[in-house]
Amino acid sequence: MKQLSILFLITVLTSCLRLDSNLFNPEEKITAYQLDDYKGERECPDLPAQFHIPDSLIYLFQLESDNNGDKARIWCIYLGDKDRISEDTVILYCHGNKNHMDNYWNRARLLANVNGKNRYGVLMMDYRGFGLSDGTPTENNMYADVETCIKWLKNNGIRDGNLMVYGYSLGSAPAIKLSVKNSGVPISKLILEAPYGNAQTMVEDAAKLSLPSSYYTNVKVNNAEEIKKVTVPFCWFHGANDEFLSMPVHGKKVYDNYQGPYKEAHIVEGAIHNNLPSVMGYEEYLLNVGRFIRQ
Amino acid sequence: MNRTLGLLFVILILGFASCSPVTLVKPLEKNQKAVTASLGGPMIVYSDLPIPIPFCNAGFSYGINSRVTASAQLGLTSLAFGVFQLDPGILYGIQMPENNNQIGVSAFGKTHFMFDKWEGNFRWYPELGIQTYKEWGKNLAYLGASGWFETRYPAEQRAAGNVWVPMLNFGYTRQNTKWNLTAEAKWIAPNISKEDIVVDFIGPGTHGALGLYFGLVRKF
């Protein structure tokens, strides 16, 4: 009996299985970024050729991201003229939890064409463990990776008032976090697409009971609370038929909790989690993003 | 896209999933003891494959008298995740069949206690159920219903607004002198939508999840 008790105690104390890693799904392993030539599943697959980005405006590079001493090389893409960042408006795009920048390449192309042909700079990155980026994806590493990108923009001369952040799905967490925290360059406006409320909501939504998220994960993301601290204008997009992060359960909670000076919502009927721009219509989507950024 | 986000985010979703199989529907004899084990859970789509979530439980049962059996089960999968889950309960024989032509009826009450080592969060959920069963030879088939009850109030403090999570089940047990083998299917939460959530539960229509379970009983 004594041995059994000891065995039990050891099991409890040493048990360490968590579902954190399932929050991040780099899935596909690649050896190089293919961008226009990528043949796999991607966002906005039917994006018209008019949104083409010339090679001269594509800058693929690496940065060293440092999360309190935990360092990793992450890959980033800047769409725009790197030497003119000090004069440009830049959209920092934080992608979702699946795959890598090739999947989101069309989205980046689309955003680069908001308010005119190749009008804005767009910076996106693969968080640690995604695409060709080194390291392990964790919540704090993700924040550090996005913050590293903001510092790169600062080093390249971006001016206060010219940095917008766009968070999609998982990317809503760093987008909100860094809209609150000044990482050297203040975020001017926040755009979220299909954000999730928090880990607790996700667990309860699936469990159907009030189980705490701590039973499964160490992830502390709480966008629904964090958004209360945001003081910059906020624009929210969500598919009314989002089958993954339900609009009323997740996105609306974030939207309702925003207490800043200005907010606008775009609920797109018929859109699910990953097809909002095409269901909304690319021109209409660009118009709405553009109007929000300009005002 | 992020359909896989949760993917296994939910592999341990106990609300749907820790509903262990009814490994005993017929009370033990007085002073009889049994060790129970069960494996299984709700069916989900994982990497395009339908699989049951592999929950594993182990337990002990004791026949207080010929109608009342006390039992307790420990969630082993939960334990591996740092969640201590213990489910003590009582099974009561309402109608004990005197021959194979009669149908037996039993009821049970359980409480699912959970406590995690990470943040010390404690939850408890009562469960009530009723089972009917029919024996022929070494075979026993059963049909029943049960439900977990929410204990966190007011509802505003919860993301899940359900007061209870009902289940319908049917199963088959092969009874030997010392061993019982059970296979059971459940329709979990048939009143609750499974749409627009992070997990792809499998089940008929838009509500509820189908669960598959296997149980083993060693009697002493």
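The chains referred to below are lettered A, B, ... by the order of the sequence lines, with proteins before strands, and numbering in each begins at 1. The basis for the numbers below is simple: all heavy atoms, side chains too, and nothing from hydrogens, waters or symmetry mates.
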Neighbour count >12 (heavy atoms, 6.0 Å) for atom [atom1], [X]:
X      : atom1 : answer
A:Y282 : OH    : yes
A:K228 : NZ    : yes
B:E29  : CD    : no

Checklist entry - Looking only at heavy atoms, what is the nearest atom pair of A:S210 and B:R123, with distance? => result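 Minimum heavy-atom contact is O-NE, 2.6 Å.
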Checklist entry - Looking only at heavy atoms, which two atoms of A:Y215 and B:N121 are closest? And how far apart? => result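 Distance-wise, the nearest heavy atoms are OH-O, 3.1 Å.
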Item to check | Largest heavy-atom contact set with chain A, pairs under 4.5 Å, which of B:Y125, B:W164, B:F122 | outcome: B:Y125
Checklist entry - So how far is it from A:T217 OG1 to B:F81 CZ, rounded to the nearest 0.5 Å? => result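 The OG1 atom of A:T217 sits 10.5 Å away from the CZ atom of B:F81.
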Checklist entry - Are side-chain heavy atoms of A:L211 and B:M114 found at a separation under 4.5 Å? => result yes
